[in-house]
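Quick notes on the structure that follows.
For ligands, and for the atoms within them, numbers begin at 1 and follow the listed sequence.
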Amino acid sequence: MILGKKVLITGGTSGIGKDIAKYFASHGANVAIFGTNSERGEEAVREIEANRVGSDQKVFFINVDVSKAAPVEAAINKILVEFGAIDILINNAGIVRDSLLVRMKEEDWDKVIEVNLKSVYNTCRIVAKAMMKARSGKIINITSIIGLIGNPGQVNYAASKAGMIGFSKSLAKELASRGICVNCIAPGFIETPMTDVLNETMKTSLLEEIPLGRMGKTLDIAKAALFLASDMSDYVTGEVITVAGGMGMA
Ligand code: NAD
């Protein structure tokens, strides 16, 4: 399905991004990951390498802040030299800076929009050019159920994630004639370092909102990503696949 494909995953040093990288390596892909912590990046590379099915699969990490356009362009150009192509781009890097709107600091608004949304512009505009030349490609943007249903204390996060959806649908229309598919995955509550900070009371009340009655696993997201990255989804573009145990269903 993705044997030999070249994949770039932002935020691949932790949580969902790292587990997508491991899962894709176990299906034969070459994987490049972006993150901002070199120690965690090198550790992630070792874990991803351990999941390879062939010794010729390349895995590497670049320390780059996805919210900064020029360094992202330079990092993507390095990957294009190393891999010769990027077949699959997964925009996964993301942060939260939660507070109620009336108390939200301007820097917390700006930071979340820059890391979660501007980053998608930074990567897509460079990768899309290479994919257009190749006349194929898959772009997968990891948004959130919160971008669809909202959440008190997360106006910045919800706006960034809803913004990703509008961005993805527009780009899907721009790139469709070149054989490039652009889709989103909207995870619900997934067990990762991002949700480890929730206390037990919060987790209990969240579980009441989830028809399947459990938090999601990173593998639940990796499996949806494999579908969108592979030829199984060649006739799917501009869509949002919600992987949330039924949370937020219409
Ligand atoms: P995480 O905190 O475990 O991982 C986030 C990753 O993003 C890390 O690798 C981190 O290094 C990277 N990152 C953060 N800022 C960066 C920057 N400026 N430049 C480059 N990399 C940066 O979080 P996670 O739970 O694995 O979340 C991954 C994605 O999934 C995020 O976009 C998040 O919003 C989304 N998501 C998570 C959940 C959940 O329940 N965990 C739910 C919905 C959506």
Quick one: does [X]'s side chain get under 4.5 Å of [Y]'s, heavy atoms only?
X	Y	result
Asp19	Leu219	no
Lys161	Ile146	no
Thr13	Ile33	yes
Lys129	Ile76	no
Ile113	Asp110	no

* Asked: When you check the gap from the basic side-chain N to the acidic O, do Arg103 and Asp98 get nearer than 4.0 Å?
  -> no

* To do: Output yes when Lys111 and Asp108 qualify as a salt bridge under the 4.0 Å nitrogen-oxygen rule, no when they do not.
  => no

* **N or O pair under 3.5 Å between Ile145 and ligand 1** => no

For [atom], grab the closest protein heavy atom and report residue, atom and distance to one decimal in Å.
atom	answer
atom 27 (O) of ligand 1	Met194 CE, 4.0 Å
atom 1 (P) of ligand 1	Ser14 OG, 3.6 Å
atom 12 (C) of ligand 1	Gly11 CA, 3.5 Å
atom 9 (O) of ligand 1	Thr13 OG1, 2.8 Å

Check whether [X] and [Y] end up in the same hydrophobic cluster, where Ile, Leu, Val, Met, Phe, Trp and Tyr are linked by side-chain heavy atoms less than 4.5 Å apart.
X	Y	answer
Phe24	Leu228	yes
Val45	Ile62	no
Ile145	Ile190	no

Is the closest heavy-atom distance from [X] to ligand 1 below 4.0 Å?
X	answer
Val64	yes
Asn37	no
Thr143	yes
Gly188	yes
Thr36	yes

Where on [X] is there a heavy atom closer than 4.0 Å to ligand 1, on the side chain, on the backbone, on both, or on neither?
X	value
Glu191	neither
Val115	side chain
Asn92	both

Do any side-chain atoms of residues 202-210 form donor-acceptor pairs under 3.5 angstrom with protein atoms, and if so which ones, sequence neighbours left out?
residue: Thr204; atom: OG1; partner: Glu200; partner atom: O; Å: 2.7
residue: Ser205; atom: OG; partner: Met202; partner atom: O; Å: 3.3

* To do: Run down the list Val66, Asn116, Ile190, Thr218 and name the one with the heavy atom closest to atom 40 (O) of ligand 1.
  => Ile190

* To do: Pick whichever of Gly94, Ala93, Gly15, Ser144 has a heavy atom sitting closest to atom 5 (C) of ligand 1.
  => Gly94

* Structure fact -> The atoms of ligand 1 lying under 4.0 Å from a heavy atom of Tyr157, numbered in the order shown, are 33 (C), 34 (O), 35 (C), 36 (N), 43 (C), 44 (C)

* To do: Number the atoms of ligand 1 from 1 as they appear, then name those within less than 4.0 Å of a heavy atom of Ile16, with their elements.
  => 26 (O), 30 (O), 37 (C)

